[in-house]
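Presented below is the structure to which this report refers.
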There are 2 protein chains.
Amino acid sequence: MGVVSTGGRRERLRAETTAEIKRVALQLMASGGPDAITLRAIAREMGMTANAIYGYFATRDDLVTTLINEVYTALADTVEAAWAQAPAGRPAGRIQAWARAFRGWALANPEGFRLIYGDPVPGYEAPEGGAAPDAAYRICTGIAALADAAWPHAEQLHARSGFQWSDFDDGLLGKVRPAFPDLPPAGVALALRIWGHLHGLVSLEIYGHLRTQTVDPGKLFQEELNQLVRSLGIDPGE
Amino acid sequence: MGVVSTGGRRERLRAETTAEIKRVALQLMASGGPDAITLRAIAREMGMTANAIYGYFATRDDLVTTLINEVYTALADTVEAAWAQAPAGRPAGRIQAWARAFRGWALANPEGFRLIYGDPVPGYEAPEGGAAPDAAYRICTGIAALADAAWPHAEQLHARSGFQWSDFDDGLLGKVRPAFPDLPPAGVALALRIWGHLHGLVSLEIYGHLRTQTVDPGKLFQEELNQLVRSLGIDPGE
DNA sequence: ACAAAAACTTCACGGCGTATAGTCTCCTCA
DNA sequence: TGAGGAGACTATACGCCGTGAAGTTTTTGT
């Protein structure tokens with residue numbers, strides 16, 4: 001046999017079972033929150049014993065990690081696709097497409113959003129490697145690209161700020177920065193701020209803190225995007 | 001006896017035990033996350049049986065609810081105090097004081113922040129009444145006051161926005177709005193946006209999503225405040 | 001056909017929330 | 001003063017949970 005073989009019957013069954021475990025876990029999470037992901041519940045749903053899952057995932061945390069990786073990657077795919085699909089010549093449209101894709105995905109996958117950005121599980125500690133850091137990097141890159149697209153317009157507005165950019169220059173964004181050589185530290189800080197803005201509004205909405213104020217969160221988000229584009233000095237139609 | 005009596009020895013002991021349960025719970029949460037709040041662990045720490053706690057709190061969720069209420073109230077107290085302490089004549093300083101108090105409290109009580117704004121517990125559902133909605137209302141009121149203080153400066157900037165404020169007018173902020181009759185719907189939307197911005201940056205920081213980019217979050221937050229004051233059209237020294 | 005490997009089950013342990021029933025201590029009032 | 005009762009707490013038990021060890025069945029490669 002061999003781990004490299006891709007056509008073996010055993011490998012196929014194994015992959016299918018693995019996929020089913022993850023599918024059932026995601027579906028349990030969707031219906032009962034991240035805490036509903038219990039090995040016993042998954043096994044019950046699949047007509048197995050809880051311990052059988054240990055043949056596929058070393059521990060429950062491993063399963064959760066895998067789910068986070070996949071969900072995170074799906075989010076990164078979504079926003080990247082929205083970005084790529086919008087015409088490159090119109091920064092305002094691109095930025096709005098990215099942001100709307102972010103919020104749209106979060107609303108469509110609230111449990112996934114909590115899994116990525118919240119406290120996913122009792123005592124869960126994120127491991128070092130894996131796909132999640134990659135996905136996080138892709139999200140940050142998207143945000144940086146967003147600021148990069150806006151920077152020609154926004155630069156003069158931010159030049160007026162009295163902030164000490166030199167203090168910011170060192171090790172600001174370990175991995176993302178080199179991908180945008182034309183974006184100065186001030187621009188990266190702008191990117192992170194925009195990320196924070198969008199994350200905050202979506203997060204408040206997902207966790208129900210806007211609902212209690214009977215807001216129409218979609219309109220608030222649209223207003224955010226309008227003001228964002230304005231504050232970047234971009235012609236909204238551009 | 002009597003529920004109204006305040007001096008009874010029994011009542012005093014009871015109050016002390018209740019306070020100790022909450023204290024131990026908060027301390028467990030601080031050391032091991034919100035999930036570490038288990039009745040058995042609390043009882044172990046206190047030299048009691050887990051069931052003894054049922055004499056003080058009907059259920060574990062009741063205990064968590066009480067903790068959330070207290071923590072939430074503490075946060076509201078903190079930001080209100082910071083607001084009140086800053087001179088009323090300087091909107092920029094007041095706004096920054098509020099925001100810095102918010103972030104400062106969150107950093108000092110990260111588990112409390114998660115308890116309030118995150119997924120505090122497996123399957124926990126917030127009850128209707130209690131102090132938490134009050135605290136949430138006070139936070140929102142603080143944000144609205146912030147926008148109200150800035151509005152005289154910010155109004156002309158936001159008047160340029162092409163947004164349909166009339167669509168926003170109805171039921172925007174159920175309870176907070178009446179407290180600020182001079183603040184139009186556009187100002188309330190601004191308040192919520194600012195809230196989202198601050199919440200997003202603090203949330204990313206608390207949950208460790210900024211750390212992976214090796215940012216100095218304090219500086220980023222300060223830059224956020226600088227730009228916020230600027231975007232509101234307020235003289236930073238005012 | 002047979003041995004190895006993989007998949008899966010059974011049993012067991014400790015921890016969790018919590019329901020029920022029982023015990024012990026202290027206050028109250030006749 | 002002493003009996004009754006209320007309140008504080010314990011004991012036991014049930015069904016969840018993750019997980020480890022050992023055993024059983026099924027599949028695979030030679």
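Residue numbers start from 1 in every chain, and the chains themselves are labelled A, B, ... in the order their sequence lines are given, proteins ahead of strands. Hydrogens, waters and symmetry mates are skipped; everything else that's a heavy atom, side chains included, is used. As the structure is a computational prediction, the values presented were derived from the model and not from experiment.
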Under 3.5 Å, side-chain donor or acceptor atoms of residues 45-56 of chain A against the rest of the protein: list the pairs with distances, not counting sequence neighbours.
none

Please classify the nucleic acid contact of B:Thr59 as base, sugar-phosphate, or nothing, using heavy-atom distances under 4.0 Å.
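Sugar-phosphate contact only.
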Protein-nucleic acid N or O pairs under 3.5 Å, nucleotides 11-15 of chain C:
from   : atom 1 : to      : atom 2 : distance (Å)
C:dC11 : N4     : A:Asn51 : ND2    : 3.3

Any side-chain N or O of B:Tyr56 less than 4.0 Å from the OP1 or OP2 oxygen of D:dC9?
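Checking B:Tyr56 against D:dC9: at least one side-chain N or O falls below 4.0 Å of OP1 or OP2.
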OP1 or OP2 of D:dA8 under 4.0 Å from side-chain N/O of B:Arg14
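Checking B:Arg14 against D:dA8: at least one side-chain N or O falls below 4.0 Å of OP1 or OP2.
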Please tell me which of the listed nucleotides, C:dC16, C:dT9, C:dT18, lies nearest to the side chain of A:Ala52?
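Nucleotide nearest to A:Ala52's side chain: C:dT9.
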Residue A:Ala41, side-chain atoms from C-beta onward, closest of D:dG18, C:dC16, D:dC17
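That would be D:dC17.
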Atom pair OG/CG of A:Ser203 and A:Leu210 - distance to nearest 0.5 Å:
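Those atoms lie 9.5 Å apart.
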What is the distance, to the nearest angstrom, from the [atom1] atom on [X] to the [atom2] atom on [N]?
X       : N      : atom1 : atom2 : answer
A:Glu16 : C:dA6  : CD    : P     : 19 Å
B:Leu63 : C:dC16 : CG    : P     : 14 Å
B:Ile53 : C:dC16 : CD1   : P     : 11 Å
A:Leu13 : D:dT28 : CG    : P     : 8 Å
A:Asp62 : D:dT19 : CG    : C1'   : 13 Å
A:Phe57 : C:dA6  : CZ    : C1'   : 17 Å
A:Arg12 : D:dT28 : CZ    : C1'   : 14 Å
A:Met48 : D:dT26 : CE    : C1'   : 14 Å

Contact residues, residues 23-31 of chain A to DNA chain D [heavy atom, < 4.0 Å]:
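Those residues: none at all.
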Go through the structure and list residues passing salt bridge (Lys or Arg N to Asp or Glu O under 4.0 Å) with A:Glu224, not counting sequence neighbours.
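A:Glu224 satisfies salt bridge (Lys or Arg N to Asp or Glu O under 4.0 Å) with B:Arg193 only.
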Check salt bridge (Lys or Arg N to Asp or Glu O under 4.0 Å) between A:Asp77 and all other residues, then give those that pass, not counting sequence neighbours.
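Salt bridge (Lys or Arg N to Asp or Glu O under 4.0 Å) check on A:Asp77 returns A:Arg138.
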Over 60° means perpendicular and under 30° means parallel, so tell me whether B:Phe113 and B:Tyr117 are parallel, tilted or perpendicular.
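Tilted.
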Under a 3.5 Å distance rule, please check whether B:Thr59 uses its side chain to pair with a backbone N or O of B:Asp62 as donor and acceptor.
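A pair under 3.5 Å: no.
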Does the A:Asp148 side chain pair with the main chain of A:Ala144, one donor and one acceptor, at a distance under 3.5 Å?
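Between the backbone of A:Ala144 and the side chain of A:Asp148 there is no qualifying donor-acceptor contact (under 3.5 Å).
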Which atom pairs, donor and acceptor, lie under 3.5 Å between side-chain atoms of residues 15-32 of chain A and protein residues at least two apart or in another chain?
from    : atom 1 : to      : atom 2 : distance (Å)
A:Thr17 : OG1    : A:Leu13 : O      : 3.0
A:Thr18 : OG1    : A:Arg14 : O      : 2.8
A:Lys22 : NZ     : A:Glu70 : OE2    : 2.6
A:Ser31 : OG     : A:Gln27 : O      : 3.3
A:Ser31 : OG     : A:Leu28 : O      : 3.1

Under a 4.0 Å threshold between the charged nitrogen and the carboxylate oxygen, would A:Arg211 count as salt-bridged to A:Glu205?
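No.
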